[in-house]
Amino acid sequence: MCFLQANMDYTFNLIEAKWRKLWQERNTYKVTEDLTKPKFYVLDMFPYPSGAGLHVGHPLGYIASDIYARYKRLKGFNVLHPMGYDSFGLPAEQYAIQTGQHPAITTKENINRYRQQLDLMGFSFDWSREVRTSDPSYYKWTQWIFKQLFNAYYDTSADKARDIEILVAQFEKEGNLHTTAIHDCEQQFDAPTWHSFTSAQKEEVLQQYRMAYLAESWVNWCPALGTVLANDEIVNGVSERGGHPVEQKRMMQWSMRIKAYAERLLEGLERVDWTDALKEQQRNWIGKSKGASVHFVVKNSNLQIEVFTTRPDTIFGVSFMVLAPEHPFVNEISSPDQAATIQAYQQQAALKTERDRQADVKNITGAFTGAYAIHPFTGAEIPIWIGDYVLASYGTGAVMAVPCGDQRDYDFAKHFGLAIPNIFADQDISASAFTEKEGVIANSDFLNGLDIKSATERIIDEIERKGIGQGKTNYRLRDAVFSRQRYWGEPFPVYYKDGVPMLVEDTQLPVTLPEVDAYLPTEDGEPPLARAAKEAWSCQLGDRMEYNTMPGWAGSSWYFLRYIDPHNDSAFADASKLAYWKQVDLYIGGSEHATGHLLYARFWTKVLFDLGFISFDEPFAKLINQGMILGKSAIAFIGPDQKMYSADMLPANKEGFREVRILIDLLNDDDSIQLDALKAWQPQFANQVFVPNAQGKVIVQREVDKMSKRWYNVVTPDDLCEKYGADTLRMYEMFLGPLEQSKPWDTKGITGVHNFLKKYWRLFHSDGKFELSTEAPSSQALKTLHKTIKKLTDDLDRFSFNTGVSSFMICVNELTEQKCNNRHILEQLTILMAPYAPHICEELWSLMHPEAASIFNETYPICNPDFLKESTFDYPVSFNGKMRFKLSLELSLSAAEVEAEVLSKPETQKWLEGKTPKKIIVVHGKIVNMVL
RNA sequence: GCGGAUGUGGUGAAAUUGGUAGACACGCCAGACUUAGGAUCUGGUGCCGAGAGGUGUGCGGGUUCGAGUCCCUCCAUCCGCACCA
């Protein structure tokens with residue numbers, strides 16, 4: 001070790017620790033409302049603090065948002081950049097069930113660990129604004145918002161949510177006969193009837209109008225977890241967490257009337273800057289389809305079956321009807337001779353889980369009810385069947401079957417030998433249904449000869465004229481179940497009196513989570529909160545408190561609003577602060593929340609907007625989904641002889657071999673296993689016998705998986721920070737590729753970035769000393785600098801973080817070549833780079849400006865195009881589009897002069913081979929192309 | 001099946017409005033220095049070819065003076081939704 005190098009070394013560990021401390025002491029990242037500056041709100045999706053800690057994938061989005069937040073700050077914006085924890089959740093509860101430890105304790109420990117790891121990365125979060133969804137001072141306001149939802153209904157005439165009192169006033173005046181409210185209420189009543197209701201009856205009616213309501217509904221029940229799951233918490237028919245089977249069950253549940261917002265949730269997508277992929281996912285989830293609802297009279301009955309169809313134009317092709325097995329009419333209409341068959345089919349269908357039904361698409365099943373419906377236009381009798389391809393939960397749970405125009409109806413008809421009348425002109429339907437959207441209708445009375453589009457318009461007119469239905473829009477989106485039978489979640493601000501749900505007064509909020517003796521359901525299946533003793537509740541009202549807790553998405557649906565005023569005890573946030581910060585300008589997070597969190601947060605935002613609490617109805621103006629960083633698992637092979645084979649020693653026939661994933665920390669750089677380390681790792685390998693390759697090594701096979709503890713492929717940021725520093729890790733993660741792209745983690749390239757930072761550091765040092773020149777900068781250096789300023793600004797404005805890192809490398813390479821140690825140039829470069837590598841830049845800035853508190857109080861450099869002006873350009877000269885040579889020419893030359901210059905060169909003559917070019921294209925400052 | 005995205009060297013990738021394909025970095029090759037250290041520096045590196053040159057952005061076509069970029073057909077991979085009437 002050379003003595004002189006000591007001062008000169010880039011001692012990142014010391015530098016980073018120093019600035020972590022100073023930033024905290026100086027409150028560098030604390031932000032308050034400042035009306036003199038434009039605001040900018042940069043938000044990360046807050047993490048669930050799991051016991052596993054952060055791996056290198058987690059900070060990817062945080063690094064990007066941190067760079068952008070710092071950039072905006074240097075650009076003169078007042079930047080809100082907060083962080084917090086989505087700290088209610090299932091893993092802490094399951095851990096509590098296993099160990100008896102209170103989830104609050106585990107959660108706190110995990111949060112501390114997260115905080116340590118986040119601090120290590122040098123993020124510019126204003127930690128004074130931290131929120132935790134499991135903190136009573138936070139969930140007080142989650143409960144308060146629930147109350148607003150409970151006290152609201154959706155009025156279609158105003159197209160917004162309103163206070164339920166307005167609806168009650170209407171009921172008192174005229175009942176619900178002319179209501180424009182969205183509801184599930186089948187009952188019609190006038191004012192006197194309303195007044196005759198008991199208060200319990202009134203509440204029962206109102207529940208069918210409230211935005212947050214109690215109703216019996218089909219839910220996804222997970223017996224293993226003892227709770228209800230939302231659709232988006234189920235993946236491939238099993239629970240997202242734990243992979244347990246899920247079944248359908250009818251239960252009394254709190255729900256959110258998100259369906260009321262279906263149209264506005266669609267419309268709002270037009271006004272936000274999100275990717276098409278994400279918008280499409282939400283559109284898909286909302287699932288709007290236009291068509292008509294039509295009533296079919298059942299023969300010899302006063303029942304009418306309502307169906308929804310997107311193809312009313314095909315109504316003359318209806319040859320039978322199919323009801324979902326659960327349809328309420330089925331038992332009533334079944335003829336006595338068919339009743340047994342029908343019941344058997346219903347039982348069989350009920351036994352199938354949703355997953356089985358999905359897996360069993362090709363197997364056509366159904367049963368005839370023995371009943372007939374009357375075709376509303378032809379008067380024909382059409383048989384009514386039941387079949388499980390018709391879903392009770394979509395549309396009306398009944399379809400008019402048009403076998404010639406729908407493949408499922410076609411298959412059903414073929415299978416059961418039902419008629420398949422053809423209503424399409426010149427279409428052959430002998431092999432399959434005609435499902436195209438372009439065609440001409442035939443055999444359809446007054447629709448004959450019309451194309452599909454005009455036939456649709458015509459038939460809807462006729463249907464409405466006859467009073468048997470109307471044009472209708474249907475949505476796939478279902479109301480969201482809001483109850484969970486769990487402990488570790490927000491208690492509801494609700495109690496029951498004589499079975500009627502009542503709200504807890506604001507003054508009694510929060511209803512805090514009571515202590516329980518175990519985090520499990522009671523013996524009679526009540527949720528864990530039912531275990532709490534009366535005294536354990538912060539308030540105890542009515543006959544009992546609500547025992548359910550809120551789902552995980554409750555707290556995350558509004559947390560971005562709480563950051564604006566996190567310590568306010570009299571409102572979820574102060575109105576003037578909300579008016580200043582408004583919505584999130586940039587939101588970065590994973591795409592896995594596309595149909596969960598991102599939809600619910602939009603929904604709550606719209607409700608709060610409608611009720612006048614906030615001034616915007618879309619929470620996230622711009623959203624970027626960062627890609628996932630994947631892990632590269634190490635797979636070793638165990639042969640039938642129980643020996644571990646090197647991956648390059650496997651026989652062609654791998655029969656009898658099994659794969660085991662081993663911890664990637666046990667590998668050498670060449671993917672060979674450190675055998676002794678493996679033996680020490682797990683007892684099962686203690687006496688492992690190996691079959692090494694010719695080099696005496698046991699090689700593993702690498703496979704890309706999600707980065708996860710269970711695949712033993714986790715790389716933590718901690719080790720890399722220790723080894724290379726946070727600045728290197730930050731820049732390297734950005735350098736990996738475009739932010740949105742998923743990519744497997746590979747540490748190999750990190751030295752490149754680390755060497756770059758060392759090279760940058762060396763620009764400021766010579767002969768072991770910090771030394772800069774104060775002379776006027778060379779024009780060459782100015783050009784390099786301003787080129788970089790321009791590139792970096794452009795890159796950041798389009799969120800291209802990876803090319804930004806390249807530009808810094810190019811800049812430092814050029815300055816090194818120029819032997820530039822000019823103070824002005826390096827100051828500007830340091831400000832430019834500070835968002836990416838805050839510690840090293842802050843350190844160098846403090847060396848240049850010992851009096852300055854922070855480089856982040858400086859102003860971002862602006863490109864001066866004068867320094868970039870060129871007088872000459874190397875014209876690429878191509879022949880038939882192929883570049884052959886370059887020619888340096890004055891940029892002042894006109895196109896004609898360029899052409900003349902090029903033609904005068906011997907190289908041109910060589911490539912022309914004596915021919916005269918047919919055409920010569922000269923694009924000034926770009927290219928010359930000769931067409932031969 | 002429907003919807004969305006992606007396909008470029010040995011590797012990660014760049015090319016922002018159609019204008020020099022492969023910037024930057026890893027790796028590799030050769031060299032310098034050195035107490036071989038994961039330090040630093042120099043040169044080279046798409047493929048074929050000794051070279052001149054040819055060829056090259058998943059396949060095939062098209063538009064254009066000129067296509068990684070625009071249009072059409074197909075293929076592959078990934079993601080989301082899915083008996084949605």
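Nothing here was measured: the structure is a model prediction, and the numbers come from that model. All chains are named by letter (A, B, ...) in the order of the sequence lines, taking the proteins before the strands, and each is independently numbered beginning at 1.
- Comparing B/A14, B/C84, B/G19 against the side chain of A/Lys926 picks out B/G19 as the nearest.
- Dashed line: the shortest gap from a side-chain N or O of A/Arg762 to OP1 or OP2 of B/C41 is under 4.0 Å.
- When the P atom is used for both B/G62 and B/C81, the distance is 40 Å, rounded to whole Å.
- Within the 4.0 Å cut-off from OP1 or OP2 of B/G54, at least one side-chain nitrogen or oxygen of A/Arg884 is found.
- Rounding to the nearest 0.5 angstrom, the gap separating the NE2 atom in A/His295 from the CD1 atom in A/Ile468 is 9.5 Å.
- Across all strands shown, B/G68 remains unpaired; no Watson-Crick or G-U wobble contact has both distances below 3.5 Å.
- As the counterpart of B/A13, no nucleotide is assigned, since no Watson-Crick or G-U wobble pattern has both distances under 3.5 Å.
- As a whole-Å value, the separation of A/Ile750 CD1 from B/A39 C1' is 17 Å.
- Across all strands shown, B/U63 has no partner, as no Watson-Crick or G-U wobble contact with both distances under 3.5 Å is found.
- Residue A/Arg476 places at least one side-chain N or O under 4.0 Å from the OP1 or OP2 atom of B/A82.
- When distances are taken from the side chain of A/Ile927 to each of B/G19, B/A13, B/G4, the shortest belongs to B/G19.
- One atom, CG of A/Leu598, and another, P of B/C79, lie 19 Å apart when rounded to the nearest Å.
- In this model, the phosphate group of B/A25 is approached by a side-chain N or O of A/Asn813 to a distance below 4.0 Å at OP1 or OP2.
- With hydrogens and angles ignored, no donor-acceptor pair closer than 3.5 Å exists between the side chain of A/Tyr732 and the base of B/G12.
- Ring centroids of A/Trp385 and A/Phe412 are separated by less than 6.0 Å, placing the two rings close together.
- The environment of NZ in A/Lys743 is crowded: more than 12 heavy-atom neighbours from other residues, nucleotides or ligands sit within 6.0 Å.
- Nearest to the side-chain atoms of A/Arg798 among the listed nucleotides B/G19, B/A15, B/A23 stands B/A15.
- A cation-pi arrangement is present between A/Arg602 and A/Trp274, with the terminal nitrogen or guanidinium carbon under 6.0 Å from the aromatic centre and inside a 45° cone about the axis.
- Checking B/U40, B/C41, B/A15 against every side-chain atom of A/Thr803, the shortest atom distance belongs to B/A15.
- Contact annotation for A/Tyr724: base contact, defined as any heavy-atom pair under 4.0 Å involving a base atom.
- Across all strands shown, B/G43 forms a Watson-Crick or G-U wobble pair with B/C29, both key distances being under 3.5 Å.
- Comparing the same atom, P, in B/G7 and in B/A13 gives a spacing of 10 Å after rounding to whole Å.
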- List the steps, then state whether side chain to side chain donor-acceptor pair (under 3.5 Å) holds for A/Lys919 with A/Asn929. CA-CA 8 Å; A/Lys919 200 170 170 187; A/Asn929 189 19; over 6 Å; no
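- Going from atom CG of A/Leu757 over to atom P of B/C24 covers 18 Å, rounded to whole Å.
- Spacing between B/G9 and B/U57 at atom C1', rounded to whole Å, works out to 10 Å.
- Taking 4.0 angstrom as the limit, A/Lys886 places none of its side-chain polar atoms (N or O) nearer than this to OP1 or OP2 of B/U20.
- A/Val931 comes within contact range of the sugar-phosphate backbone alone, with a heavy-atom separation under 4.0 Å but no base atom that close.
- The nucleotide B/A21 finds no pairing partner, because no Watson-Crick or G-U wobble arrangement with both distances shorter than 3.5 Å includes it.
- Rounded to a whole Å, the CE atom of A/Met628 is 19 Å from the P atom of B/A5.
- Among the protein residues, A/Trp911 comes within range of the sugar-phosphate backbone only, with heavy atoms under 4.0 Å from sugar or phosphate atoms but none that close to a base.
- With ring centers used as reference points, A/Phe735 lies 6.0 Å or more from A/Tyr732.
- With rounding to the nearest 0.5 angstrom, the CD atom of A/Glu817 is 9.5 Å from the OG1 atom of A/Thr784.
- The nearest whole Å value for the distance from the NZ atom in A/Lys882 to the P atom in B/G56 is 7 Å.
- Closest to the side chain of A/Met883, out of B/U20, B/A85, B/A25, is B/U20.
- Of the residues near RNA chain B, A/Lys743 and A/Asp795, the one whose nearest nucleotide (by heavy atom distance) lies more toward the 5' end is A/Lys743.
- Using a 4.0 Å cut-off, some side-chain N or O of A/Arg408 falls inside it from OP1 or OP2 of B/C84.
- Comparing A/Ser742 and A/Leu278 by the nucleotide of RNA chain B that holds the closest heavy atom to each, the one mapping nearer the 5' end is A/Leu278.
- With a cut-off of 3.5 Å on both Watson-Crick or G-U wobble distances, the partner of B/A5 is given as B/U77.
- Base pairing of B/A82 is not made with any nucleotide, judged by Watson-Crick or G-U wobble geometry with both donor-acceptor distances under 3.5 Å.
- Protein atom CG of A/Asn625 is 15 Å distant from nucleotide atom C1' of B/C78, rounded to whole Å.
- Side-chain proximity of A/Lys910 to B/G66, B/C84, B/G53: nearest is B/G53.
- Residue A/Lys723 places its side chain closer to B/G38 than to any other of B/C24, B/C84, B/G38.
- Between B/G54 and B/G58, the two P atoms lie 23 Å apart (nearest whole Å).
- B/G10 and B/C47: their P atoms are spaced 7 Å apart (whole Å).
- Residue A/Asn880 is classed as having no contact, given no heavy-atom separation below 4.0 Å to the nucleic acid.
- Only the C1' atoms considered, B/U6 is 14 Å distant from B/G68, to the nearest whole Å.
- No N or O donor and acceptor, one from the side chain of A/Asn284 and one from the base of B/C81, sit under 3.5 Å apart.
- Taking the six-membered ring for Trp and thresholds of 30 and 60 degrees, A/Tyr836 and A/Phe808 have ring planes more than 60 degrees apart, a perpendicular arrangement.
- Note on A/Leu736: only backbone sugar-phosphate atoms sit closer than 4.0 angstrom, heavy atoms only; bases stay farther off.
- A donor and an acceptor atom sit less than 3.5 Å apart, one in the side chain of A/Asp388 and one in the base of B/C83.
- A/Lys790 comes within 4.0 angstrom of no nucleic acid atom, judged by non-hydrogen atoms across all strands.
- Between A/Tyr10 and A/Thr728, the side chains place no donor N or O within less than 3.5 Å of an acceptor N or O (distance only, hydrogens not considered).
- A straight line from CZ of A/Arg283 to P of B/C79 spans 22 Å, rounded to a whole angstrom.
- Comparing atom distances between the A/Leu391 side chain and each of B/C65, B/C41, B/A85 picks out B/A85 as nearest.
- Here A/Gln741 lies in heavy-atom contact (under 4.0 Å) with sugar-phosphate atoms only.
- Comparing B/A32 with B/G51, their C1' atoms are spaced 30 Å from each other, to the whole Å.
- Across B/C28 and B/U34, the matching P atoms stand 24 Å from one another, rounded to whole Å.
- Between A/Phe756 atom CZ and B/C26 atom P there is a gap of 12 Å when expressed in whole angstrom units.
- Look at B/A36: it lacks any Watson-Crick or wobble partner with both distances under 3.5 angstrom.
- For the residue pair A/Met731 and A/Phe756, the shortest heavy atom distance occurs at SD-CE2, 3.6 Å.
- Within the 4.0 angstrom heavy-atom criterion, only backbone atoms of the sugar-phosphate kind lie near A/Asn755; the bases stay farther away.
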